[in-house]
There are 2 protein chains.
Amino acid sequence: MLDPVARVRRFNRAVTSAVGALDSSFLGRGRPLGAARVLNAIGHGRSDVAEIRDYLGLDSGLMSRLLRSLEDEGLIETAAREDDARRRMAKLTRAGRREFAAYEALSNAQADGILAQHSQAEALLAAMDLIASALTRERISLDEVDPQSEEARYCLGEYYAELGRRFKQGFDVSLSRDPDAKDMRRPRGTFIVAMSDTLPIGCVGLKGTDHGYAEIKRLWVAPAARGLRLGRRLMDAAEAAARGLGITLLRLDTNSALPEAGQLYRSTGWREIPRFNDDPYPDLFFEKQL
Amino acid sequence: MLDPVARVRRFNRAVTSAVGALDSSFLGRGRPLGAARVLNAIGHGRSDVAEIRDYLGLDSGLMSRLLRSLEDEGLIETAAREDDARRRMAKLTRAGRREFAAYEALSNAQADGILAQHSQAEALLAAMDLIASALTRERISLDEVDPQSEEARYCLGEYYAELGRRFKQGFDVSLSRDPDAKDMRRPRGTFIVAMSDTLPIGCVGLKGTDHGYAEIKRLWVAPAARGLRLGRRLMDAAEAAARGLGITLLRLDTNSALPEAGQLYRSTGWREIPRFNDDPYPDLFFEKQL
DNA sequence: AACTTCATCTGACTAAAGTCAGATATCATG
DNA sequence: CATGATATCTGACTTTAGTCAGATGAAGTT
């Protein structure tokens with residue numbers, strides 16, 4: 001009754017029928033699923049035909065016919081690419097945008113329906129985030145971004161909110177040595193965000209200093225992404241970036257209220273050292289020679 | 001970035017591709033999905049042809065042909081039912097059992113694979129339970145069972161474990177007035193279990209007494225099923241059963257460490273009354289006239 | 001016994017999805 | 001500019017899924 005594999009399989013059954021229900025509601029728009037999928041891919045901003053084909057896993061002949069049927073319906077227009085006339089681009093016509101909006105409305109209504117009948121929607125969403133991150137694990141990408149980009153700011157906001165919850169005395173960003181964004185841009189440093197299908201789920205900053213070392217800052221993994229060993233992947237990426245920048249010594253500070261962080265550092269070659277700054281929050285300090 | 005609907009849809013995408021991957025691994029056994037589904041339904045103990053057809057939503061013509069193709073492969077045998085020769089029963093042959101086991105192995109391997117790459121498998125499983133319960137909400141059935149049945153004993157075990165976690169002083173079943181199972185069987189009372197696709201996710205007991213009232217006992221909802229208003233459904237079912245047994249007055253006791261229970265009682269017509277027993281755990285007592 | 005109802009099966013059909021070999025046009029390169 | 005690589009398209013085909021009308025035989029009803 002409590003066999004883990006049986007629980008996963010119960011989940012599979014539940015989810016298969018929910019997904020099937022969405023598919024049938026799509027059929028209600030009088031178009032086969034294949035054509036609907038292509039239309040939706042285009043609506044979601046994919047325009048390169050080869051890219052869509054690859055994304056949907058379609059044969060080139062089938063893809064060509066599906067495009068033709070959407071064109072005959074007046075929903076899309078295709079044109080050869082200017083820089084390479086072999087490739088084609090597809091885009092929605094006005095009617096296509098209307099039809100795409102109708103599919104979006106169906107998807108949104110289904111999502112809404114699931115949420116609406118649950119009185120603890122936030123718990124349900126957290127569970128969905130956790131599972132989505134676990135299932136798309138191999139597709140999580142680590143991207144270097146500007147520390148002031150939307151993705152980076154979202155991660156930092158979540159990071160500060162979490163420190164506020166975990167520190168007994170709360171957390172006030174303005175009291176911490178807020179790293180100048182400039183120091184986390186190349187060539188002094190960098191900022192790395194982990195993305196799972198458009199959702200940022202983790203980050204780490206590498207901050208250059210003038211003291212002969214660089215600092216690791218703002219290591220954060222979204223609650224939904226914990227257990228995927230993403231913290232380690234982010235640290236590896238930050239260390240690799242540091243090596244690429246010619247940095248040979250790294251330091252970081254952390255707090256004993258974040259035991260999983262301390263454990264990660266200890267298990268990956270970091271050595272505890274005495275306090276090296278007067279920031280009020282950290283009480284643990286580490287160093288690593290690259 | 002945090003729109004709830006967008007989060008549900010990200011979940012949908014993640015799960016669709018995982019389900020699709022399992023389907024393609026099933027195709028690897030050289031049999032179309034339709035036939036594989038029928039074989040698996042039979043392997044999972046469904047033998048009545050009409051029941052399988054209904055479960056899989058198949059047309060009778062299609063069903064007949066799929067059965068024939070499995071028979072031609074030597075995987076199943078069908079026979080008319082003894083009590084009604086119009087109906088047919090299907091069962092696996094030896095080769096069919098082997099083939100079914102191969103499908104089971106694929107399903108189990110997929111489930112294992114998801115779990116294995118996650119270092120916090122219990123959190124992942126809890127999330128899956130939550131979602132499976134939410135998605136199969138309409139298919140949750142309330143069944144009257146014997147209080148000593150496997151399902152009932154599972155629920156009670158979970159219930160006691162939860163009390164142990166929630167009461168500051170812990171919980172020891174032997175100190176509580178353990179209701180005699182006889183008192184929770186018809187005609188004195190009953191025991192109701194909420195089932196979601198073979199998994200018990202909640203229970204409630206109606207216990208007859210000789211004092212002119214019956215008691216509601218052991219109301220429990222699995223953590224994964226909270227938010228589905230299952231507590232209320234269980235209470236409604238228990239009250240309906242009480243009415244059917246000619247009971248006109250109900251009492252129950254609870255503890256202020258379970259605030260959601262107290263709130264449920266207050267909002268459904270229960271009236272707080274003075275202590276009516278000397279059980280050491282409860283500190284809140286309610287009564288309801290039917 | 002004659003009827004209606006029911007579960008299953010058969011034949012004839014359609015739609016959708018997918019496969020594959022070549023045709024066509026364009027691009028990159030020596 | 002000839003050559004090979006690349007992206008898309010076309011035609012011919014197969015498989016799978018599904019629909020529907022009617023046949024068959026058994027069960028239930030009057």
Side-chain angles (χ1 to χ4, degrees), chain A residues 16-17 19-42 46-73 76-91, chain B residues 16-17 19-42 46-73 76-91:
Chain A
T16 302
S17 76
V19 165
L22 182 60
D23 280 356
S24 356
S25 84
F26 269 34
L27 288 175
R29 298 213 57 80
R31 199 168 288 109
L33 275 180
R37 287 209 184 90
V38 172
L39 182 69
N40 277 290
I42 298 170
R46 290 175 206 269
S47 53
D48 191 295
V49 167
E51 186 200 335
I52 298 171
R53 213 176 52 205
D54 192 54
Y55 171 67
L56 297 175
L58 299 174
D59 173 87
S60 71
L62 183 50
M63 177 73 190
S64 178
R65 264 176 274 263
L66 291 172
L67 283 174
R68 218 67 336 104
S69 83
L70 290 170
E71 232 168 6
D72 291 349
E73 278 194 89
I76 64 167
E77 281 167 347
T78 63
R81 240 163 70 163
E82 304 214 336
D83 59 331
D84 181 345
R86 289 171 305 181
R87 298 175 149 256
R88 307 215 109 214
M89 307 289 280
K91 64 173 191 187
Chain B
T16 302
S17 77
V19 165
L22 182 59
D23 280 356
S24 355
S25 84
F26 269 32
L27 288 175
R29 299 213 56 81
R31 198 169 289 109
L33 276 180
R37 287 208 184 92
V38 172
L39 182 69
N40 277 289
I42 298 170
R46 289 174 208 269
S47 52
D48 191 295
V49 167
E51 185 201 334
I52 298 170
R53 212 176 54 204
D54 192 55
Y55 171 68
L56 297 175
L58 298 175
D59 172 87
S60 70
L62 184 50
M63 179 71 191
S64 177
R65 264 177 273 262
L66 291 173
L67 283 175
R68 216 68 336 101
S69 84
L70 290 171
E71 234 169 5
D72 292 349
E73 279 195 88
I76 63 167
E77 281 167 348
T78 63
R81 241 164 70 165
E82 303 216 338
D83 60 329
D84 182 345
R86 290 171 303 182
R87 296 174 151 258
R88 307 214 110 214
M89 307 290 282
K91 63 173 193 186

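In the text below, chain A, chain B and the rest are named by the order of the sequence lines, each starting its count at 1.
Comparing D/dT8, D/dC9, C/dA7 against the side chain of B/Arg87 picks out C/dA7 as the nearest. Between C/dT8, D/dT16, D/dT8, one nucleotide has an atom nearer to the side chain of B/Val49 than all others, and that is C/dT8. Comparing C/dT19, D/dA27, D/dT8 by their nearest atom to the side chain of A/Leu62 picks out C/dT19. Set against C/dC9, D/dA17, D/dT10, the side chain of B/Leu33 has D/dA17 as its closest nucleotide. Of the candidates D/dG18, D/dA5, C/dT8, the closest approach to any side-chain atom of A/Arg86 belongs to D/dA5. The side chain of A/Leu58 lies closest to C/dG18, out of D/dA17, C/dT8, C/dG18. Picking from C/dG18, C/dC9, C/dT19 the nucleotide with the shortest atom distance to the side chain of A/Asp59 gives C/dT19. Side-chain proximity of A/Ser64 to the nucleotides D/dT8, C/dC9, D/dC9 is greatest for D/dC9. In the set D/dA17, C/dT8, D/dA27, the nucleotide with an atom closest to the side chain of B/Asp84 is D/dA27.
Shown here for B/Met89 and B/Asp48, the closest heavy-atom pair between the two residues is SD-CA, 4.0 Å.
For the pair B/Arg81 and D/dA27, the criterion of a side-chain N or O lying under 4.0 Å from OP1 or OP2 is not met. Distances shown here put a side-chain N or O of B/Arg68 below 4.0 Å from the OP1 or OP2 atom of C/dC9.
If you measure from atom CZ of B/Arg88 to atom P of D/dT24, you get 17 Å, rounded to the nearest angstrom. Remark: C1' of D/dT10 and CG of A/Asp72 are 14 Å apart, rounded to the nearest angstrom. For A/Arg29 and C/dA16, the CZ to P distance is 16 Å, given to the nearest whole Å. As rounded to whole Å, 13 Å separates atom C1' of C/dA15 from atom CG of A/Leu66. We find that CZ of B/Arg53 is positioned 13 Å from P of C/dC6, with the value rounded to whole Å. Distance, A/Leu67 CG to D/dA7 C1': 12 Å, rounded to whole Å. Computed from coordinates, the A/Ile76 CD1 to D/dT8 C1' distance equals 13 Å when rounded to whole Å. The separation between B/Glu51 atom CD and C/dT8 atom P is 11 Å, rounded to whole Å.
Using modelled atom types, one side-chain atom of A/Asn40 and one backbone atom of A/Ala36 make a donor-acceptor pair closer than 3.5 Å. A donor-acceptor pair under 3.5 Å is formed between the side chain of A/Glu71 and the backbone N or O of A/Thr78.
Atom-to-atom distance recorded for A/Leu70:CG and A/Arg65:CZ is 14.0 Å, nearest 0.5 angstrom.
Counting only heavy atoms from C-beta outward, the side chains of B/Leu67 and B/Ser64 never approach each other to under 4.5 Å.
The residue B/Arg65 sits close to a base: some heavy atom pair falls under 4.0 Å.
Between B/Gly61 and A/Gly57, the residue anchored closer to the 5' end of DNA chain C is B/Gly61, taking for each the nucleotide with the nearest heavy atom. Comparing A/Ala35 and A/Ser60 by the nucleotide of DNA chain C that holds the closest heavy atom to each, the one mapping nearer the 5' end is A/Ala35.
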What's the verdict on side-chain contact (heavy atoms from CB on, under 4.5 Å) for B/Ile76 and B/Ile42, showing C-alpha distance, side-chain angles and the deciding distance? CA-CA 9 Å; B/Ile76 63 167; B/Ile42 298 170; 3.9 Å; yes
